[in-house]
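The model shown is predicted, which means the values in this text are computed figures rather than measured ones. Here is how names work: the chains are called A, B, and so on, in the same order as the sequence lines, proteins then strands, and each is numbered from 1.
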Number of protein chains: 2
Amino acid sequence: MALMPHQPNDLMIRKLDSIFPLSDEERGALQQLPILLKGIKADREIVGIGERPAQSCLILEGFTCAYKLSHLGKRQIMALHVPGDMPDLQSLHLAVMDMSIASISSCTVGFIQHEDLRRLCEQHPRLTAAFWRETLVDASIYREWLLNVGQRSAYTRMAHLVCEILIRLKAVGLVEKWSFQWPITQEKLADALGITAVHVSRTLQALRADGLIRMEKTQVSVPDWERLKEAGEFDPLYLHLQVRKGA
Amino acid sequence: MALMPHQPNDLMIRKLDSIFPLSDEERGALQQLPILLKGIKADREIVGIGERPAQSCLILEGFTCAYKLSHLGKRQIMALHVPGDMPDLQSLHLAVMDMSIASISSCTVGFIQHEDLRRLCEQHPRLTAAFWRETLVDASIYREWLLNVGQRSAYTRMAHLVCEILIRLKAVGLVEKWSFQWPITQEKLADALGITAVHVSRTLQALRADGLIRMEKTQVSVPDWERLKEAGEFDPLYLHLQVRKGA
DNA sequence: CGGACCGTTGAGGTGAGTCAAAGATAGTGG
DNA sequence: CCACTATCTTTGACTCACCTCAACGGTCCG
């Protein structure tokens, strides 16, 4: 259990509301949702492949990832999660986990019982749509990663990933002046991009040499967003961030 | 417009029912759903990236794919669709298409208005769950493809893809004696696996030489399922086919 | 019978992998 | 506070799975 800077429910409400405007009543119902907080150290499995969870989780602080292993033991990270994300919302309707979720950094995670989510969805059909939409955005991100891993060079892939994380962190207010905390090792970047850790090292050096990113410890900053975007062939369409027309 | 061997609604109902048992009332409601049939030639775009469709489609005969292009014009196919699939159900909640859908072979496609789907979901909340679940299985397949493209050799990837298509076709009764129609060119296989068409040719030769697949024209057959499964590191868990316990 | 695809083959090239060792950094405990 | 360790990053030399380019053969269909 950990102390939180603000109520965990608020983060979820703000995120759902930002892309799917909610009524006061719906916000109130979400506010009532029981969320069990838990502090988790880095590199711990949170849900494992093959399990049948009775709850879904909500990332509050830190980073997590979804991954699978090949028979040779090589790991593919299929998604990175930032605060506000619900990595295994899918388990609400897919009984058995087909991937594992693990912490990347130390983090705070909230757990919500499926039972409670189901009741909420029954009573507020528009919330069903909001949660459904969240899982659809996840799917869209998987698609973009497929394009990334299948067709782009290591250099472009890396630039693309940095762009994505920047934008997603910006959406939850965790970016200041094009700079953000990102405690991720090169080995994990390698697993996310489908290259080796050695090649991640060389690729990051190239990006730094080209002035596209700057790194100090776990802090990443982007000196020239336009050039990084271009290098990463990044178009934020697939994140489906703005639904409100004209927003 | 094309003649169909049976009502298009039946195919959808059978598929939803197989993993998410429906009541008679729900089946009746689905039966009423207006579906507009259309025959489509091979290699035609059905929905384009950036569009805002007011309908979703249902594949009835033939094959389609979802794809995106990199800036260099390289194409990544992110999913293959077989009869019974609804490739752009996501557009019900994500206004703008983030990928394109195109026919791979000549095919018959049914179109369902979002308006009608929304009304159906409002009146039958359990159908909402059934459709939601369909999109979650799509997402699970994207994840498996990420593992495939990111971590496995061309040989393993190809074997895995053949396994997946076989199982999915089997589920809709389109496989007979480990053999099925699969009118797909090597160039499209290349785009789906993230390798070149030349390498697809060599990889298929290797699989044939090893006795894992046999091919005549557009017919593929699998002489030894167990060995192909092993070669492709294939575990059907991610397709989430059996929900009914003990089925 | 002729063109348009599609699949095959060969030779040579390259982006990324592998292996191994050395440097940097961070965490731990005395 | 420092010594000790474990982990992470960097570097260099070598290898290889897959790519590129180019030519050729098959097959379908008007």
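- For Leu204(B) and dT9(C), the CG to P distance is 12 Å, given to the nearest whole Å.
- Every residue was checked against the ring pair (Phe, Tyr, Trp, His ring centres under 6.0 Å) condition with His81(A), not counting sequence neighbours, and none meets it.
- Within the structure, a side-chain polar atom (N or O) of Lys217(B) is placed less than 4.0 Å from OP1 or OP2 of dC28(D).
- For the pair Thr156(A) (side chain) and Arg152(A) (backbone), a donor-acceptor distance under 3.5 Å is absent.
- Across the protein-nucleic acid pair, Gln186(B) atom CD and dT8(C) atom C1' stand 8 Å apart, rounded to whole Å.
- Atom-to-atom, CD of Glu216(A) to C1' of dA26(C) comes out at 17 Å; the value is rounded to the nearest Å.
- Atom CD of Glu187(B) is separated from atom P of dC19(D) by 13 Å (rounded to the nearest Å).
- Nucleotide dG13(C) holds its P atom 19 Å from the NE2 atom of His199(B), rounded to whole Å.
- Going from atom CG of Leu72(A) over to atom C1' of dG17(C) covers 14 Å, rounded to whole Å.
- Under 4.0 Å is where a charged nitrogen must lie from a carboxylate oxygen, and between Lys15(A) and Asp85(A) at least one such pair does.
- Residue Gln205(A) has no polar side-chain atom (N or O) positioned under 4.0 Å from OP1 or OP2 of dT9(D).
- The residue Val200(B) sits apart from the nucleic acid: no heavy atom pair falls under 4.0 Å.
- Put simply, the side chain of Arg157(A) gets close to the backbone of Leu193(A): a donor and an acceptor are under 3.5 Å apart.
- Note that the CG atom of Leu11(B) and the CG atom of Leu60(B) stand 6.0 Å from one another [nearest 0.5 Å].
- Checked for salt-bridge contact, Asp210(A) and Arg227(A) miss the test: no charged N lies under 4.0 Å from a carboxylate O.
- Between Ile195(A) atom CD1 and dC16(D) atom C1' there is a gap of 17 Å when expressed in whole angstrom units.
- Exactly one of Asp98(B), Asp138(B), Asp88(B) qualifies for a salt bridge (charged side-chain N to carboxylate O under 4.0 Å, His left out) with Arg143(A). That residue is Asp98(B).
- Non-hydrogen atoms lying under 4.0 Å from DNA chain C are contributed by Ser153(A), Ala154(A), all within residues 144-162 of chain A.
- Side-chain atoms of Arg202(B) and base atoms of dG7(C) include no donor and acceptor less than 3.5 Å apart.
- Among the nucleotides dC19(C), dG7(C), dT20(D), the one closest to any side-chain atom of Val198(B) is dT20(D).
- Across the protein-nucleic acid pair, Met215(B) atom CE and dG7(C) atom C1' stand 10 Å apart, rounded to whole Å.
- OP1 and OP2 of dA16(C) both lie 4.0 Å or more from every side-chain N or O belonging to Thr196(A).
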